Structure formats: C-alpha cells, structure tokens
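Being a predicted model, the structure only gives us computed values, none of them experimental.
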Amino acid sequence: MTIYADNAATTQLSDKAFSAMLPLMKEHYGNPSSLHHIGQKAKEYVEDCRERCARAIGAQPSEIFFTSGGSEADNQAILSAAYFGASKGKKHIISSKFEHHAVLHTLDKLKSEGFEITLLDVYKEGIVRADDVEKAIRDDTALVTIMTANNEVGTLQPVEEIGKICKEKGVPFHTDAVQAVGHIPVDVNKINCDLLSVSAHKFHGPKGVGLLYCRKGTVLKSLINGGAQERNKRAGTEYTYGIAGMTAALEEAINNIDKNSSKVSALRDKIINGVSDIEKSFVNGDLKRRLPGTVNMCFEGIEGESLLLLLDQYGICASSGSACTSGSLDPSHVLLAMGVPVAVAHGSLRISLSEYNTEEEADIIIESIHKVVTYLRSISPVWEKIQKGEVVE
C-alpha cells in the first residue's frame with residue numbers, strides 16, 4: 001500500500017483538471033497568438049480561464065498574468081517592485097527569515113546589487129509579527145514580501161494585518177500564496193496585497209503553470225523577452241492546456257474548501273495526537289494558526305533522512321526539513337529561524353495531507369512513525385547520549 005503524504009511538495013492531478021486539459025491538447029491546440037480560427041479558439045479558452053482564476057481570488061482578469069509556477073511569479077513580483085522602487089530612490093526590502101528559497105535567493109541577488117534586505121524574526125511559533133513589519137518600514141522601503149503560509153511547517157502569517165499596514169504606509173506588498181491558495185480562503189482585496197503568487201500543482205493542478213496577481217497600477221517588469229504574450233509582461237507561447245488544468249483544479253478546490261479543510265485538518269490532528277506520546281518529540285509551529293493538512297515534527301536523536309527512507313519502506317511518502325546536499329547534512333533554514341536547535345532540526349518530518357488521504361492511512365502513518373522512531377533510536381549513539389543527559393551538538 002502506498003500512502004502519499006507529501007502534498008506540500010506536489011499533488012496528484014485531479015480528474016477535473018485532466019479532463020479540462022484534454023480538449024486543448026487534441027482539438028483546440030492552436031497558438032493563441034495566431035489569427036486563424038484554431039488559434040482564436042485557443043485564445044478564447046485562455047481568456048476564459050483568466051476570468052475564472054481572477055474570480056477565484058477576488059481579482060480582475062486584467063490583473064492576472066500566467067507564469068510557469070510559483071518561483072517565476074515570486075521572482076517577477078519581487079524584481080519588478082525592487083527595480084521600480086530603485087528608480088524612485090528606494091532600495092530597502094522587508095521579508096522574513098523563513099521564506100521559500102524562490103524569495104530568499106531573489107533577495108540575495110538584489111542584495112548583491114546594492115539593495116538593503118531586512119529579514120524579520122518568525123519566533124518559535126513560526127509566525128511573523130505585524131508590529132515588526134510596521135517598525136521595519138522606512139521611507140526608502142520599496143517592498144514588503146511575506147508568505148501567506150509557510151511551506152515547511154504550515155503556519156499562517158497575518159497577511160491581512162500586514163497588507164493593511166503596507167497600504168497605510170504606501171509600501172507595495174507581495175505575498176507568496178503558493179501553499180495557501182486552494183486550501184484556505186484567499187482574497188487579494190482582504191489581504192490588500194499588490195502582488196500574489198500561485199502555483200497550480202499545489203492544489204491538484206498540473207506542474208509547470210501558475211499565475212501572478214498584479215494589482216492595477218502596480219508596475220510589472222518582464223523577465224522573459226521575445227514576444228507580446230501576457231500583455232507584453234511574459235513572452236512565450238501560452239501553456240494553454242496547463243492553464244485550463246490549473247483553472248479547473250482551482251475552482252474545484254475553492255468550491256470544496258470547507259469540506260476538504262474539515263476532513264484534512266481532522267486527519268492532521270489525528271496524526272499529531274497519535275504520535276504525541278513519543279518521548280522527546282514535538283510539533284514545530286503554532287498548533288492552531290496553520291494550514292489544514294501540514295504538520296512538521298521533530299524527533300530528537302535521529303536523522304530525518306533515515307526516518308524518511310524507512311517510512312518509504314512502509315509505503316509512506318513524506319519529506320524532511322533537513323536536506324542532503326553534496327554529502328553534507330544541512331538542517332532546515334525554516335526550523336533554525338524558529339529557534340530549533342541544529343541537532344534537533346536534523347530529525348524533522350513533514351507530513352502534508354490532502355482530501356485524497358483516509359483515516360486508515362492516518363492510522364498506518366501513526367503506527368509506522370512509532371516503529372521507525374523506536375528502531376532508529378535503538379541504534380543511535382546520539383539518542384544514547386540524550387538519555388544519559390549529555391549535551392548533544
């Protein structure tokens with residue numbers, strides 16, 4: 001039995017998304033820029049999808065720009081705001097210490113170009129404080145970029161409060177909503193954001209397609225040159241069937257958001273409660289202000305990679321907060337930003353569920369985590385030191 005519990009990484013394509021994609025693959029396969037009727041039919045589909053995607057997040061169709069996914073949308077949003085700000089003498093950007101690398105690496109690029117970057121604390125709860133944002137804003141602040149929901153621990157950020165502050169201060173606000181859209185209600189007007197990033201494969205749409213919301217009046221810079229597509233803001237032939245699949249998946253997710261949230265959060269809490277008796281284990285981040293399906297746990301005395309590999313042998317697909325890169329183990333920057341000790345952060349596990357998961361699967365996950373943690377600790381010299389009360393670094 002295979003249990004997929006890595007939905008924060010990607011999701012299974014829904015039947016509705018797949019069905020929506022087929023006509024544009026086989027029948028209406030024209031280039032939307034072509035003037036003949038096959039091309040114009042494809043264009044009709046794209047513009048219809050633009051209207052439906054806009055409606056789903058409270059936007060206007062003219063404010064929706066299709067991209068290849070969340071990373072491109074994040075890059076375009078941040079670079080556009082940064083360079084526009086620089087043209088007005090503003091080269092200060094505010095973000096948080098545990099943003100997705102699509103944001104952090106873009107900020108690193110800007111730092112190398114002379115921008116000043118302020119990365120706010122997220123505290124042990126994994127939540128940025130709106131007061132910290134307000135205090136950090138300066139006369140030369142070009143942008144505030146804070147994610148809606150964290151991709152590793154699932155904590156929800158106070159984006160509505162932050163958006164209100166930014167609006168009052170006249171500072172552009174971008175939010176990476178990749179993990180949030182389709183799982184919690186997202187309305188660009190309630191958030192008061194100027195820019196917002198979305199990726200289809202996080203809510204049962206296809207990979208390789210997303211969108212950037214850009215509020216009317218906000219200057220958007222093109223990252224890809226070569227054509228007039230997306231109103232001269234994103235060159236390249238539109239990924240028509242991907243856009244259709246994303247739209248169908250987004251509408252399905254939003255239409256069922258209350259039902260799915262209720263089911264998935266119950267499964268999440270079942271797993272949290274089911275492993276809470278494991279010694280020296282804990283959940284990372286605020287227990288209430290979080291996504292319905294995401295839980296990140298740490299188990300002292302073991303490595304996350306070993307935990308993942310053994311869970312995989314039980315048929316459970318999950319992920320870890322620590323990554324193995326070039327032979328060296330690096331703990332999650334998210335967990336370190338939350339104050340989790342390095343030694344503990346290495347033993348992290350992220351379980352991310354969807355409405356496709358079941359009660360039976362939750363029971364198997366709980367049982368398997370108990371077995372694997374017990375086994376790994378039985379052969380761990382680090383766990384032996386912990387039991388003896390010795391300091392582990």
Side-chain angles (χ1 to χ4, degrees), residues 73-180 186 188-197 212-215 217-219 221 285-286 289-290 332-340:
D74 284 343
N75 273 257
Q76 188 171 18
I78 293 168
L79 294 175
S80 294
Y83 293 142
F84 180 76
S87 72
K88 304 294 182 182
K90 299 182 177 184
K91 298 190 73 173
H92 175 237
I93 299 173
I94 300 167
S95 191
S96 82
K97 292 179 179 178
F98 77 163
E99 297 291 315
H100 190 278
H101 280 128
V103 170
L104 293 178
H105 289 174
T106 305
L107 296 178
D108 286 342
K109 165 185 163 63
L110 290 169
K111 186 176 181 180
S112 72
E113 296 175 5
F115 285 81
E116 184 180 349
I117 311 299
T118 298
L119 296 180
L120 301 176
D121 291 330
V122 295
Y123 305 95
K124 111 183 212 191
E125 297 85 11
I127 296 175
V128 174
R129 294 178 184 171
D131 286 348
D132 288 352
V133 176
E134 186 167 18
K135 290 173 185 175
I137 291 175
R138 310 184 323 206
D139 290 340
D140 64 341
T141 301
L143 175 70
V144 172
T145 174
I146 302 289
M147 63 192 354
T148 306
N150 184 265
N151 53 298
E152 288 195 25
V153 296
T155 49
L156 301 176
Q157 307 308 306
V159 288
E160 290 188 19
E161 293 176 61
I162 294 170
K164 182 180 179 182
I165 290 168
C166 289
K167 185 176 181 181
E168 291 172 351
K169 299 281 187 178
V171 177
F173 176 42
H174 164 252
T175 184
D176 175 343
V178 165
Q179 292 290 337
V186 172
V188 295
N189 296 305
K190 288 183 178 179
I191 295 175
N192 275 312
C193 60
D194 301 285
L195 299 147
L196 179 142
S197 307
L212 173 61
Y213 160 76
C214 180
R215 186 177 293 278
T218 301
V219 175
K221 176 182 173 63
D286 192 277
R289 292 173 289 179
R290 64 171 53 245
S332 160
H333 74 285
V334 169
L335 298 184
L336 296 185
M338 293 168 60
V340 178

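- Using a cutoff of 4.0 Å between basic side-chain nitrogens and carboxylate oxygens, D286 and R289 are scored as salt-bridged.
- With respect to H174, the side chain to side chain contact (heavy atoms under 4.5 Å, CB included) criterion is satisfied by exactly one of S197, C214, C193: S197.
- Considering all non-hydrogen atoms of both residues, L120 and A136 come closest at CD2-CB, 4.0 Å.
- The shortest distance between side-chain heavy atoms of F98 and L335 does not fall below 4.5 Å.
- Closest of all the heavy-atom pairs between A180 and A149 is CB-CB, 4.2 Å.
- You'll find the side chain of L104 reaches within 4.5 Å of the side chain of H333, heavy atoms only.
- The shortest distance between side-chain heavy atoms of D176 and T145 does not fall below 4.5 Å.
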For this session: Start with the C-alpha distance between V178 and N151, add both sets of side-chain angles, then the distance that settles side chain to side chain contact (heavy atoms under 4.5 Å, CB included), and finish with yes or no.
Result: CA-CA 8 Å; V178 165; N151 53 298; over 6 Å; no
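- Remark: I191 CD1 to K167 NZ distance equals 13.0 Å, nearest 0.5 Å.
- Residues V103 and S95 meet the side-chain proximity criterion, which asks for heavy atoms closer than 4.5 Å.
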Exercise. Can you list the steps and then say if T148 with Q179 is a side chain to side chain contact (heavy atoms under 4.5 Å, CB included)?
Worked result: CA-CA 8 Å; T148 306; Q179 292 290 337; over 6 Å; no
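- Under the 4.5 Å side-chain criterion, counting only non-hydrogen atoms from C-beta, Q157 is in contact with I127.
- When all heavy atoms of L212 and Q76 are compared, the pair lying nearest together is CD2-OE1, 3.9 Å.
- Residues N75 and T106 bring a donor and an acceptor atom of their side chains to less than 3.5 Å of each other.
- Remark: R129 CZ to E134 CD distance equals 15.0 Å, nearest 0.5 Å.
- Crowding of K91 atom NZ: a count of heavy atoms from other residues, nucleotides or ligands under 6.0 Å exceeding 12.
- The closest side-chain heavy-atom distance from E160 to K164 is not below 4.5 Å.
- Distance check: I78 CD1 to E99 CD gives 8.0 Å after rounding to the nearest 0.5 Å.
- Atom CG in L79 sits 10.0 Å away from atom CG in D74 (nearest 0.5 Å).
- Going from atom CG of D108 over to atom CG of L110 covers 9.0 Å, rounded to the nearest 0.5 Å.
- The residues D140 and R138 are annotated as salt-bridged, a charged nitrogen and a carboxylate oxygen being separated by less than 4.0 angstrom.
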Exercise. What do the steps show when you test I94 against E116 for side chain to side chain contact (heavy atoms under 4.5 Å, CB included), and what is the final call?
Worked result: CA-CA 9 Å; I94 300 167; E116 184 180 349; over 6 Å; no
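- T141 places none of its side-chain heavy atoms less than 4.5 Å from the side chain of I93.
- In summary, E113 and K109 engage in a salt bridge, as defined by a charged side-chain N under 4.0 Å from a carboxylate O.
- When side chains are defined from C-beta on, F173 does not count as touching N192, because their heavy atoms never get closer than 4.5 Å.
- Here the closest heavy-atom approach between residue V188 and residue R215 is recorded as O-NH2, 3.1 Å.
- One finds the OG atom of S80 at 12.0 Å from the CG atom of D194 (value rounded to the nearest 0.5 Å).
- Across S96 and I146, no two heavy atoms sit closer than the pair N-CD1, 3.8 Å.
- Between S332 and E152, the shortest heavy-atom distance links the atoms OG-OE1, 2.5 Å.
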